[in-house]
Participant: 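One structure coming up, written as structure tokens, with questions to follow.
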Amino acid sequence: MRLLTHNMLSSNIKGVANGFPLRIEAEKVVEKEVELNTDFLRNMFAKIEWKALVEASKTLGYAELPDVAEPSMLDSDEFLNRFHHALLELHLEEGALVCPETGRKFPVNKGIPNMLLHEDEV
Amino acid sequence: MASRPELQAPPEIFYNDDEARKYTSSSRIIDIQAKLSERAMELLALPEDGVPRLLLDIGCGSGLSGETLTESGHQWIGLDISESMLNVALERETEGDLILGDMGQGLGVRPGVIDGAISISAVQWLCNADRSSHEPRLRLKAFFGSLYRCLARGARAVLQVYPENLAQRELILGFAMRAGFSGGVVVDYPHSTKKRKEFLVLSCGPPSLSSAAPQAKLEDEESCSDDEDSSEDEENQSVSVSDRHRPRKKQKLNKKVKGREWILKRKDKMRRKGNTVPADSKYTARKRKARF
């Protein structure tokens with residue numbers, strides 16, 4: 001699972017008002033190289049919750065992202081490269097996502113988060 | 001054709017390891033899925049500016065439909081309830097991210113971030129109650145509600161469905177409209193039983209020129225019905241479009257009611273023919289009171 005997906009997911013449990021961002025418990029992280037596409041990054045930038053991305057990339061052991069990001073920074077190649085790496089190349093392979101409100105764990109196996117809810121959580 | 005998979009077992013059980021492998025190794029299914037997803041992409045009508053978008057593939061299965069998304073250069077996130085199907089998708093090394101989840105529990109995606117959603121042959125599963133806790137209406141409501149929320153304004157969702165009957169189609173469409181979507185059903189090849197494919201084309205936000213329902217594909221005269229060959233293009237015609245913004249009670253009964261004169265004339269004619277006809281009185285052709 002890429003951090004792009006992590007940045008979009010929120011906890012869906014009944015009664016949880018703020019299920020974002022899901023805390024990451026990383027056991028295994030892999031990196032897969034992907035071709036850089038600046039158009040996509042520019043398009044996505046507005047939709048990304050930057051703080052959550054920075055936190056998540058830190059838990060995966062990548063601390064190169066600046067704490068605050070401005071749209072003007074999208075002109076810098078260096079920033080784009082880091083953004084790209086954090087967003088699309090870091091994969092959470094094994095571990096868990098934890099709901100920030102209830103502490104419910106969603107296990108991640110082989111890169112697939114299991115977001116299935118129990119009957120009493122729907 | 002064998003009985004519908006929807007009637008055999010819940011999706012996470014029906015698509016077990018065997019079935020998932022069978023599904024993905026059948027060249028016929030691969031072909032149909034690829035065509036369906038290409039058509040769905042076409043109906044999604046993303047702006048052609050070469051910018052990759054973030055799309056959602058609901059019921060992505062083994063990633064057959066996702067492949068089409070990748071080919072057109074988009075990033076996608078796939079959701080499916082069958083672990084076996086997702087495992088096959090992993091083996092096939094699909095580009096998108098996969099999530100094991102149940103669309104009937106809501107999508108669990110942040111609001112307003114998705115540029116478009118497709119779903120190939122999945123949504124009709126929601127009409128089944130596979131467990132005692134399942135209530136199809138609630139599940140449809142949760143699904144369409146969360147889909148509406150996670151789509152960006154003006155974004156579209158194209159859902160290809162195989163409704164079992166008319167009632168199911170109405171049910172699905174009804175919940176889509178209730179969630180706030182506008183749009184309708186596009187039926188490709190409406191006259192063919194085998195090739196007939198239905199797409200729900202939904203868009204977020206107010207209807208506009210760009211959200212007008214696209215045209216359906218019709219059967220070509222010469223193409224025979226048993227191959228999935230599509231040499232279509234011309235003679236498209238749009239079918240069966242419903243719109244939630246249509247004024248509800250416009251078609252009130254203001255039909256021309258035939259008046260007293262007409263009835264008297266008619267009775268006269270019948271009398272001349274020798275039929276027994278009630279006598280004329282002040283009550284003839286008078287309207288009944290509303291409380292009747």
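Each chain gets a letter, A, B and so on, in the order the sequences are listed, and its residues count up from 1.
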Participant: Do B/Q75 and A/R2 pair up side chain to side chain, a donor and an acceptor below 3.5 Å, judged on atom types alone?
Facilitator: yes

Participant: Side chain, backbone, both or neither: which part of B/L79 has a non-hydrogen atom closer than 4.5 Å to chain A?
Facilitator: neither

Participant: Answer with side chain, backbone, both or neither: which region of B/E83 has an atom nearer than 4.5 Å to a non-hydrogen atom of chain A?
Facilitator: neither

Participant: Which bit of A/N109 is near chain B, if near means a heavy-atom gap under 4.5 Å: side chain, backbone, both or neither?
Facilitator: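 A/N109 has no heavy atom closer than 4.5 Å to chain B.
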
Participant: Is it the side chain or the backbone of A/T5 that comes within 4.5 Å of chain B heavy atoms, both, or neither?
Facilitator: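 Looking at A/T5, backbone and side chain both touch chain B.
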
Participant: Between B/R53 and chain A, which part of the residue has a heavy atom less than 4.5 Å away: side chain, backbone, both or neither?
Facilitator: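 Interface part for B/R53: both.
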
Participant: Can you tell me which portion of A/N43 sits under 4.5 Å from chain B's heavy atoms? Options are side chain, backbone, both or neither.
Facilitator: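 Just the side chain, heavy atoms under 4.5 Å.
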
Participant: Quick check for you: among B/A152, B/G101, B/P52, B/A142, which has the greatest number of heavy-atom pairs under 4.5 Å with chain A?
Facilitator: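 Most pairs with chain A among the choices: B/P52.
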
Participant: Quick check on B/L90 against chain A: is it the side chain, the backbone, both or neither that has a heavy atom closer than 4.5 Å?
Facilitator: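 The side chain, not the backbone.
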
Participant: Which one wins on heavy-atom pair count under 4.5 Å against chain A: B/D115, B/L138, B/D49?
Facilitator: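 Heavy-atom pair counts peak at B/D115.
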
Participant: In Å and rounded to the nearest 0.5 Å, what is the CZ to SG distance from B/R139 to B/C127?
Facilitator: 10.0 Å

Participant: Run the salt-bridge test on B/K35 and B/E38 with the 4.0 Å N-O cut-off and return the result as yes or no.
Facilitator: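 Looking at B/E38 together with B/K35, the answer is no, because their closest N to O distance does not fall below 4.0 Å.
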
Participant: Looking at A/K47, I want to see if its NZ is surrounded by more than 12 non-hydrogen atoms of other residues, nucleotides or ligands under 6.0 Å.
Facilitator: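 For A/K47, atom NZ is crowded (more than 12 foreign heavy atoms under 6.0 Å).
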
Participant: If I measure from the heavy atoms of chain A, does B/I99 come under 4.5 Å with its side chain, its backbone, both, or neither?
Facilitator: both

Participant: Of the backbone (N, CA, C, O) and the side chain (C-beta and beyond), which part of A/L88 lies under 4.5 Å from a heavy atom of chain B, both, or neither?
Facilitator: side chain

Participant: Need one label for A/E49: side chain, backbone, both or neither, based on atoms under 4.5 Å from any heavy atom in chain B.
Facilitator: both

Participant: Using the six-membered ring of B/F175, assess whether NZ or CZ of B/R178 lies under 6.0 Å from its centre and within 45 degrees of the ring axis.
Facilitator: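 Yes - B/R178 lies over the ring of B/F175, closer than 6.0 Å to its centre and within 45° of its axis.
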
Participant: Do B/S84 and B/N16 have side-chain atoms, one donor and one acceptor, less than 3.5 Å apart?
Facilitator: no

Participant: Side chains of B/L200 and B/F181: closer than 4.5 Å at any heavy-atom pair?
Facilitator: no

Participant: List the steps, then state whether salt bridge (Lys or Arg N to Asp or Glu O under 4.0 Å) holds for A/E78 with A/R82.
Facilitator: CA-CA 6 Å; A/E78 201 191 336; A/R82 287 178 181 176; 2.8 Å; yes

